[in-house]
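Step one of this worksheet: look at the structure below.
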Number of protein chains: 2
Amino acid sequence: MTINFNAGPAGIAAQVLEKAQAELLNYAGSGISIMEASHRGDDFQAVIDAAEAGLRRLINIPDDYEVLFLQGGASTQFAMIPMNLRPDGSADYIDSGAWSSKAIKEAKILGQGTEVIASSKDANYNYIPADFTVNPDAKYLHVTSNNTIFGTQFAAYPDSGDVPLIADMSSDIMSREIDVSKFGMIYAGAQKNMGPSGITLVILRKDLAERAPDNLPSMLNYTTHIAAGSMYNTPPTFAIYLIKLVCEWVESLGGIAAIEKMNNEKAALLYSEIDSDDFYTGSAQEGSRSKMNVCFNLANEELEAAFIKEATELVMIGLKGHRSVGGIRASIYNAMPIEGVEELVDFMKIFREKN
Amino acid sequence: MTINFNAGPAGIAAQVLEKAQAELLNYAGSGISIMEASHRGDDFQAVIDAAEAGLRRLINIPDDYEVLFLQGGASTQFAMIPMNLRPDGSADYIDSGAWSSKAIKEAKILGQGTEVIASSKDANYNYIPADFTVNPDAKYLHVTSNNTIFGTQFAAYPDSGDVPLIADMSSDIMSREIDVSKFGMIYAGAQKNMGPSGITLVILRKDLAERAPDNLPSMLNYTTHIAAGSMYNTPPTFAIYLIKLVCEWVESLGGIAAIEKMNNEKAALLYSEIDSDDFYTGSAQEGSRSKMNVCFNLANEELEAAFIKEATELVMIGLKGHRSVGGIRASIYNAMPIEGVEELVDFMKIFREKN
């Protein structure tokens with residue numbers, strides 16, 4: 001049984017894939033695949049409505065927020081956010097890793113007024129910056145909730161006062177309970193906790209959408225997608241269908257409170273093993289540690305390579321750290337069962353004893 | 001057995017869906033779904049390489065053309081084309097239907113220099129304009145190869161001289177043999193002839209990519225995606241996998257020459273029935289008729305509604321014409337077997353006799 005520690009695209013719950021498999025050629029008795037259904041038909045409308053309703057229930061999204069399903073990944077949001085929400089004025093950014101840096105780069109391409117108010121680049125991003133002052137005139141404050149590459153995560157989100165807080169939650173959406181009303185916008189690529197790659201969730205406070213200037217290309221204007229219920233053009237129908245199935249699976253487990261409890265247990269188990277002596281060293285500073293991507297090092301690269309090789313032989317895959325940090329990265333998103341983490345911890349104990 | 005005449009998303013060959021279903025939870029013995037595989041891993045790299053190679057073989061794409069897999073549909077290309085290929089100067093457009101009009105609208109949003117050199121709007125787009133002069137200084141000439149809504153199609157593409165010809169082939173890509181070297185760029189959403197929605201093919205002559213200005217958002221710059229082999233960010237992996245399977249299916253049938261022959265037979269069968277007397281009337285003018293979307297009318301709306309109702313009872317679905325033209329539309333893309341068209345024609349005969 002393969003244990004999938006991929007950073008993303010990542011594991012999807014077996015129940016979700018089995019359901020998709022069972023009805024792949026015949027959706028709900030329609031005689032055709034949901035992939036072959038018109039996005040303007042009743043079947044798909046029911047799917048996208050159920051996906052939105054599921055997300056609204058699970059994430060507890062208030063009525064004054066839009067829920068959009070867009071294409072182009074978080075990387076397209078890096079451009080759409082300044083285009084739509086900062087047509088003039090400046091915006092503040094916290095630089096906590098590679099994805100934050102990309103968001104900042106895109107904002108700068110689109111013009112002046114991109115202020116980096118804190119960065120942990122000085123320590124190869126091994127912590128979440130906590131010391132900063134938000135400009136009260138900023139159009140928004142942008143943060144990356146969880147840093148997949150460096151294994152860090154905001155334990156608590158910054159208080160940005162009246163400045164709308166925008167969070168890229170691509171790698172920890174639906175992993176823990178959040179108070180959406182504290183945010184101006186939340187966005188996330190689906191491919192870690194929500195479904196397959198190729199679909200991006202945007203949760204946007206309605207008043208902020210009104211900032212969009214008139215001269216944006218239609219596909220890059222949030223108001224286009226709001227007016228069209230995410231169907232201005234043909235949406236990625238199969239990906240939205242899978243989000244619906246993932247929502248049903250999360251609800252069957254007891255919702256996000258239950259998922260969060262499991263995620264806490266999984267992360268505690270793994271960090272406890274890392275901290276048990278000096279054989280393994282956590283990459284991230286305590287207080288900044290991610291519960292989604294647990295990154296750690298061994299004494300040297302040879303030992304790390306041996307660790308990955310032996311783990312792979314035991315069909316534990318995806319454990320190689322990103323090239324910019326090296327070491328080991330165990331991504332333990334929602335779909336990773338506690339048993340998968342237990343097997344990894346068992347292997348870590350054996351590997352320590354042998355070396 | 002449902003016969004799917006949807007205009008798009010449209011039918012996908014049963015062989016493709018069956019293969020996807022069989023390996024949905026275990027791709028090529030990997031123990032995981034291809035959806036759960038890292039886009040940076042060997043398995044997915046082999047998939048995207050095979051999808052590109054399959055398209056290059058089938059469409060006969062020369063080496064001096066890039067093949068890109070992008071998100072955002074043709075609608076995003078409507079903006080990217082003028083952004084990248086007409087940063088200054090003007091471009092010519094032929095307005096042959098709703099999608100052409102949208103391409104023109106987006107080009108105009110991005111600035112001056114959008115010349116509509118011909119339009120069939122005067123006749124509710126029931127023909128392909130043939131009378132126009134291309135400005136020799138235009139940066140490109142843009143056409144919509146097949147007009148899904150109005151059932152028209154370029155029988156032959158215009159000769160634009162040294163002006164690069166750009167064609168939106170969303171609804172007829174891979175349906176007939178083309179000479180790619182006559183085009184500067186070809187693009188197509190996958191959801192009619194290539195796979196599911198959520199993935200867009202771009203075939204771009206290499207020298208044209210160099211026109212892109214420096215100040216474009218990375219995701220909207222063709223050079224970004226060229227440099228990254230369509231993996232600047234996480235691509236829609238499952239959709240690309242399905243394109244690979246569709247290519248394998250087309251090759252198993254004998255390639256595009258064989259597909260074109262079948263498409264010609266399917267369209268001839270249907271138009272011959274329409275033309276057999278005055279009970280049915282083809283919407284498009286002869287010479288402009290589409291072989292992908294066969295649109296026709298009956299004597300009045302009541303009769304058309306009865307036709308659709310009775311056909312649906314016989315599980316022939318998706319036959320309602322677009323609201324802007326009314327009537328009947330039978331979309332008969334590559335995956336529609338000749339038997340499906342024969343059943344429709346049989347029903348048309350019976351319906352005529354009864355009414």
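Note that the coordinates shown come from a computational prediction; the quantities given were computed from them, not determined experimentally. So you know, we letter chains A, B, ... as the sequences are listed, proteins then strands, and number each from 1.
Using a 4.5 Å heavy-atom cutoff, the side chains of A:Ile12 and B:Ser33 are not in contact. Taking the side chain as every heavy atom from C-beta outward, B:Leu220 and A:Leu220 approach each other to under 4.5 Å. In this structure, B:Gln71 and A:Thr76 have side chains that are not in contact, with every pair of non-hydrogen atoms separated by 4.5 Å or more. Two residues are said to be in side-chain contact when any heavy atoms from C-beta on lie closer than 4.5 Å; A:Met35 and B:Leu17 meet this criterion. The side-chain heavy atoms of A:Ile109 and B:Asp214, taken from C-beta on, include no pair separated by under 4.5 Å. A heavy-atom distance below 4.5 Å is not found between the side chains of A:Thr2 and B:Ser30.
When each of B:Pro235, B:Ala10, B:Gly318 is checked for heavy-atom pairs under 4.5 Å with chain A, B:Ala10 comes out on top. Between chain A and the residues B:Ala107, B:Ser75, B:Ala335, B:Gly31, the most heavy-atom pairs under 4.5 angstrom are made by B:Ser75. Top candidate by heavy-atom pairs under 4.5 Å with chain B, chosen from A:Met1, A:Arg40, A:Met83, A:Glu18, is A:Glu18. Between chain B and the residues A:Pro9, A:Pro236, A:Gly8, the largest count of heavy-atom pairs under 4.5 Å involves A:Pro9. Contact tally against chain B (heavy-atom pairs below 4.5 Å) for A:Asn4, A:Leu242, A:Val315: the top residue is A:Asn4. In terms of non-hydrogen atom pairs under 4.5 Å with chain B, the most contact-rich of A:Gly72, A:Ala7, A:Ala79 is A:Gly72.
Judged by distance alone, with hydrogens and angles left aside, the side-chain atoms of B:Glu106 form a donor-acceptor pair with the main-chain N or O of A:Ser218 at under 3.5 Å. Not a single donor-acceptor pair under 3.5 Å links the side chain of A:Glu36 to the backbone N or O of B:Gly11. Between the A:Gln21 side chain and the B:Gln21 main chain, a donor and an acceptor come within less than 3.5 Å of each other.
The number of heavy atoms from other shown groups lying within 6.0 Å of NZ (B:Lys320) does not exceed 12. Heavy atoms of other residues, nucleotides or ligands lying less than 6.0 angstrom from NZ of B:Lys19 number 12 at most.
Proximity to chain A (any heavy atom under 4.5 Å) is restricted, for B:Leu216, to the backbone atoms N, CA, C and O. Both the backbone and the side chain of A:Ala20 come within contact range of chain B, with heavy atoms under 4.5 Å apart. Residue A:Phe78: no heavy atom, backbone or side chain, is found under 4.5 Å from chain B. Both the backbone and the side chain of B:Tyr232 come within less than 4.5 Å of a heavy atom in chain A. Contacts between B:Ala37 and chain A at a heavy-atom distance below 4.5 Å involve the backbone alone (N, CA, C, O).
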Run the side chain to side chain contact (heavy atoms under 4.5 Å, CB included) check on B:Leu110 and A:Asn215 step by step: do they pass? CA-CA 7 Å; B:Leu110 288 161; A:Asn215 62 348; over 6 Å; no
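The residue from A:Asn233, A:Thr237, A:Thr234 that alone fulfils the side-chain hydrogen bond (donor to acceptor under 3.5 Å, both in side chains) condition with B:Ser197 is A:Thr237.
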